[in-house]
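Let me begin by presenting the structure, written as structure tokens, before commenting on it.
Order of appearance sets the numbers: ligands from 1, and atoms from 1 within every ligand. Because the structure is predicted, anything quoted here is derived from the model rather than measured.
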Amino acid sequence: MTKKREIVLKGIPASPGIVTGKAFLFGREQYTITKRNIKDDQIQDEIKRFKDALVQTKNEIVEIKKRISDEMGVEHGQIFSAHLLVIDDSMLIEEVVLKLKKDKLSIEYTFQDVLRKYIKIFSEMDDEYLKERISDINDVGRRILKNIIGVKEDILSNLKEKVIVVAYDLSPSDTATMHKKNVKGFATDIGGRTSHTAIMAKSLEIPAVVGLETLTRKVESGDVVIIDGTHGIVIINPSQKTLKRYEMDREKFAEIGKQLLELKDMPCVTLDGRKIELAANIEVPEDVPSVIAHGANGIGLYRTEYFYMNKKDLPSEEEQYKAYASVAKMVKPYYVVIRTLDLGGDKFLSQFEVPQQMNPFMGWRAIRFCLARPDIFKTQLRAILRASAHGKLKVMYPMISGVEELKQANAILEEVKKELKKSAVPFDENIEVGAMIEVPSAALTSDILAKEVDFFSIGTNDLIQYSLAVDRVNEKIAYLYEPAHPAILRLIKSVIENGHNAGIWVGMCGEMAGDIIMTIILLGLGLDEFSTSPIAIPEIKRIIRSVTISQAKEIAQEAVSLPTGKEVEKFAKKKLKELVPDLAIEVE
Ligand code: PEP
Ligand code: MG
């Protein structure tokens, strides 16, 4: 037998860690549907098979929804509400029955035919929302088909050995039926860092890489693969040498992870005693245990969009209140910054009739949307304020671009406070209010904005894309997306200075806060708080504990004088290696 060639593919890191195992190629076309003629007297039987399959599928989805809601939180389970909508679509059902009566072909063939037609129509529509529903239709359709032809098992929930799942894409119900014990990791052709698949992988804490483009064309079931979820690399048929190297890396990664966790209870202070707030970003209350396990001092960004996604109805005040209060209680005595709804851009919410926009990142979104829909905004603010009676909550507005918006948002907050007071509902009257600084105009007028709030949190994900005119989700221009660009460093420097001059603290909750290359520079620029994904916290803490403020200041001063991002990065890496030689993540 000829030895298979080693292939290395680079994708998008979705969930960190290294794992080696046998590939299990999970495809969508698992069912062979043959074209079978039926007689008139078989029509009713075929319709019954179809209706039974619909009931069975609905029961399965309800069951998955319940299990996922129990295990991972209501928000994760909500994705299946969209699936239930597909299954209740009477138009689809009627069309299948009509076609069956007309063409007299087996129900599985007829159903597949109608399904394909639906998918084709949806994929040709201009409406992005409807296009996004294709994966729901596909997912449910596959399930119905399975039940019509009576395939008993869900492949992913019945894996007999530990494997690495390789697929073109994994739908929410695929990932939901995966059992952690037999799925060591996964890799997909499509998907981005913020796709549902990536979020699931992080929650399951298994290594994953997405966006590999050609992976399923290069791998066969049974091939040995290495998944390096930290660096977004997949190696098919690794040589003995590569296997050995990755095994060493895996052991090193696990060992360093253990050592880093020992820092959990150590204070986040510089060598010369400056206390720095080290907080975490979360999306759902179920993320909190990991935040605590990694030793964060609080939550610097609670993204609340998950609440509104994949739902038929808007989340109620009560529902939001319960979630915010539970997070406040779990994180107490530390603080939680709740960001108000940041709709738009890449965060599309299913139930809103938001008109299609030429430029969604610059469109009707975030605070602009909330100010136009005070009913939705006030419901959320009421829930946040009520929850503030149970812990240390702070509220923060996204996408502020000028002081008028900030004043309007604050006026609405005051109205809600007044209403609560009038009804004698308890809340923290001194709740801190902050603005995200993620639009260049906000950064440039941060001296004016600082007078209206108690803190700033710099959202570098958007600040970089707007300042450098680089779409944050476009992989073709990813090379231009440079956190170390002099323009970005200058903006950050001025935001921190303006905040401090007005006597307020300045944090950062964009991904840059978790980028170890930038930690010392940000520290030297005077950043008071770093908020990042839980997994990055121990390493950032170690760096902060390894330097003095004066060393960091000197490094920051030199960094801001450099003419290009590349030079800043090279310089920052050199200094980082000098000051913190034993880093967990390799800095080349
Ligand atoms: C940011 O823009 O940096 C940020 C933290 O917000 P989001 O990634 O949710 O847009
Ligand atoms: Mg943002």
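Heavy-atom separations between M512 and ligand 1 are all 4.0 Å or longer. Ligand 1 lies out of reach of E305, whose nearest heavy atom is not under 4.0 Å from it.
Ligand 1 places these atoms under 4.0 Å from at least one heavy atom of C509: 5 (C). The distance from ligand 1 to the heavy atoms of E438 drops below 4.0 Å at these ligand atoms: 1 (C), 2 (O), 6 (O).
When only interatomic distances are considered, the shortest N/O to N/O separation between E511 and ligand 1 does not fall below 3.5 Å.
For D342, every heavy-atom contact with ligand 1 shorter than 4.0 Å involves the side chain, none the backbone. Looking at L301 against ligand 1, only its side chain comes within 4.0 Å, counting heavy atoms. Residue contacts with ligand 1 for R365 are absent, since no atom lies close enough (heavy atoms, distance under 4.0 Å).
Side-chain rings of F427 and H390 stay apart, their centers remaining 6.0 Å or farther from each other. Here the two rings, on Y324 and Y302, have centers that are under 6.0 Å apart.
R542 has a carboxylate O that lies under 4.0 Å from a charged side-chain N of E539, or vice versa, which qualifies the two as a salt bridge. R303 and D342 are not joined by a salt bridge, as no carboxylate oxygen comes within less than 4.0 angstrom of a charged side-chain nitrogen. Between K493 and E497 a salt bridge is recorded (basic side-chain N to carboxylate O distance below 4.0 Å).
When the N, O or S atoms of E438 are ranked by distance to the Mg ion (ligand 2), OE1 comes first. No other N/O/S atom of D462 lies as close to the Mg ion (ligand 2) as OD2 does.
For residues 431-445, the pairs satisfying salt bridge (Lys or Arg N to Asp or Glu O under 4.0 Å) are K394-E432, with sequence neighbours left out.
Legend: residues meeting side-chain contact (heavy atoms from CB on, under 4.5 Å) with L579, ordered by chain and number and at least two apart, are I520, V547, Q551, I555.
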